[in-house]
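Notes follow once the structure below has been shown.
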Amino acid sequence: MERVVGNMHQKVSLTGIKPTGMPHLGNYLGAIKPALELAEKYRARYFIADYHALNTIRDPKMLRDLTYEVAAAWLACGLNPDDVLFYRQSDVPETFELSTIIMAFTSKGLMNRAHAYKAVVQANEENGKDTDYGVNMGLYTYPVLMAADILLFDADVVPVGKDQKQHLEMTADIAQTINSNYGKTLLTIPEAIFHSTGQVVQGLDGRKMSKSYNNTIPLFVPEKKFRKIINSIVTNSQAVEESKDPEVCNVFSLYRLFASEEQQETLAARYREGGMGWGEAKGALFDVMNAQISPMRDVYNSLMADKSQLDAILKTGGEKARDIAAQKIAFLRKEIGLG
Ligand code: TRP
């Protein structure tokens with residue numbers, strides 16, 4: 001749904017952030033930064049998907065801590081809560097009502113086809129277990145809850161990773177079913193925007209940076225630890241005096257993401273001329289990264305040191321989000337004959 005700002009129509013960008021704790025460099029460059037850039041052009045609504053997290057995180061302290069970490073990280077990365085509506089999903093219980101409404105229009109077969117659910121079923125079959133072993137209804141209906149998140153706020157675009165493609169197709173499918181049943185556009189059909197950094201962010205071992213490979217560079221660890229992690233990047237066993245190839249180097253590929261063209265040329269020349277040890281290259285990488293990250297790290301640390309700031313930001317965001325959601329639900333109830 002478009003809103004008029006001055007004489008400019010601004011569309012809505014919305015995304016859900018799973019509370020998985022402190023993000024790593026790959027998350028920052030691949031998801032956080034692009035979503036914050038979108039927020040400059042769109043009316044952004046970004047939330048922490050804590051209802052979704054409940055499917056796997058059953059420890060209340062852990063859920064709360066992970067939520068704080070991810071909220072502090074996004075704020076430290078530059079999310080301005082005055083521009084971006086930033087809230088906790090669980091502060092908007094209208095999400096439940098919309099979930100229930102859309103469930104009536106969602107075929108069971110559609111849910112059977114969801115990748116995440118299918119992967120569990122397949123693993124169960126391979127391991128000779130009951131098909132439904134370990135499958136809770138939260139996992140099974142995950143795409144419905146996600147559709148409710150999106151449709152409740154009339155999102156036009158949803159910045160997500162490629163792994164969420166199917167969820168977005170299902171959301172559009174459900175919305176279309178409802179719109180065509182009532183013969184009018186009750187729900188905005190969202191479009192996925194897939195992040196691409198142009199470059200895959202490589203992890204410590206040169207594979208794609210991912211928690212599942214245990215090769216990540218966490219964004220906001222203390223500086224000393226950060227240096228230690230940079231020093232643990234895997235390099236080859238070439239001696240100091242040998243000429244080195246920057247094009248096939250884990251250190252250089254990360255350097256590229258942070259250094260200016262000029263800095264890149266200078267370091268590449270040091271690689272080629274020989275006489276440069278890996279310690280020197282890693283030192284140069286640490287310097288460029290730390291220059292960008294350290295001001296953000298300070299913000300992160302100060303937010304984490306006093307959670308009342310985070311509580312206040314999320315509370316304000318939650319109240320505003322709830323207002324918008326309540327209006328949408330009131331509109332839908334009227335249109336579909338409830339109450
Ligand atoms: N499923 C998303 C993920 O795994 C998180 C999410 C929940 C989401 N609700 C959403 C993303 C709504 C976009 C829109 O990353």
Side-chain angles (χ1 to χ4, degrees), residues 1 11-24 26-36 38-39 42-57 63 66-67 69-71 73-74 79 84-96 98-99 102-103 106 110-111 113-120 136 138-175 187-196 209-212 317-318 321 324-325 328:
M1 210 168 267
K11 291 190 167 187
V12 171
S13 162
L14 172 141
T15 201
I17 304 154
K18 281 211 296 202
T20 45
M22 189 196 288
H24 57 68
N27 300 138
Y28 172 61
L29 294 172
I32 302 176
K33 223 173 150 201
L36 293 178
L38 267 190
Y42 288 82
R43 185 178 207 202
R45 293 162 177 176
Y46 297 160
F47 67 93
I48 300 163
D50 54 352
Y51 283 147
H52 278 106
L54 206 53
N55 286 330
T56 49
I57 306 169
L63 183 53
L66 293 173
T67 300
E69 276 179 37
V70 91
W74 277 68
L79 184 151
V84 175
L85 187 59
F86 191 46
Y87 57 99
R88 246 184 317 235
Q89 186 186 28
S90 62
D91 283 334
V92 188
E94 281 74 11
T95 309
F96 288 153
L98 187 55
S99 290
I102 66 181
M103 266 203 236
T106 306
L110 190 69
M111 296 298 99
R113 290 196 288 278
H115 298 318
Y117 164 71
K118 265 172 67 180
V120 179
N136 57 48
L139 170 65
Y140 192 63
T141 62
Y142 188 110
V144 171
L145 180 56
M146 182 159 159
D149 294 332
I150 296 169
L151 301 173
L152 188 55
F153 288 93
D154 287 300
D156 295 287
V157 297
V158 182
V160 278
K162 274 264 159 64
D163 62 329
Q164 298 298 308
K165 183 168 182 275
Q166 190 194 35
H167 288 150
L168 264 296
E169 286 164 2
M170 288 178 167
T171 302
D173 189 330
I174 294 167
L187 300 167
T188 303
I189 310 291
E191 186 195 326
I193 292 193
F194 300 113
H195 322 303
S196 76
M209 189 175 290
S210 160
K211 268 197 179 146
S212 48
I324 299 169
K328 183 75 190 180

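In what follows, every heavy atom counts, from backbone to side chain, and hydrogens, waters and symmetry copies are set aside. Start at 1 and go down the list; that is how both ligands and their atoms are numbered.
Two rings, from Phe153 and Tyr87, have their centers less than 6.0 Å apart.
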Going by atom type alone, with no hydrogens or angles, which donor-acceptor pairs under 3.5 Å involve a side-chain atom of residues 140-147 and a protein atom two or more places apart or on another chain?
unit_1, atom_1, unit_2, atom_2, d
Tyr140, OH, Lys108, O, 3.4
Tyr140, OH, Asn112, OD1, 2.4
Thr141, OG1, Met137, O, 2.7

Contact table ligand 1 N or O to protein N or O, d under 3.5 Å:
unit_1, atom_1, unit_2, atom_2, d
ligand 1, 1 (N), Tyr142, OH, 2.7
ligand 1, 1 (N), Gln164, OE1, 2.9
ligand 1, 4 (O), Tyr142, OH, 3.3
ligand 1, 4 (O), Gln164, NE2, 3.2
ligand 1, 9 (N), Asp149, OD2, 2.8

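In terms of the ring-ring contact (aromatic ring centres under 6.0 Å, His included) criterion, Tyr28 has no residue partners (sequence neighbours excluded). In this structure, Phe86 has no ring-ring contact (aromatic ring centres under 6.0 Å, His included) partners at least two apart in sequence or on a different chain.
Remark: the Ser90 side chain and the Asp50 side chain contain an N/O donor-acceptor pair separated by less than 3.5 Å.
Judged by a 6.0 Å distance limit and a 45° cone about the ring axis, Lys162 is positioned over the six-membered ring of Phe194.
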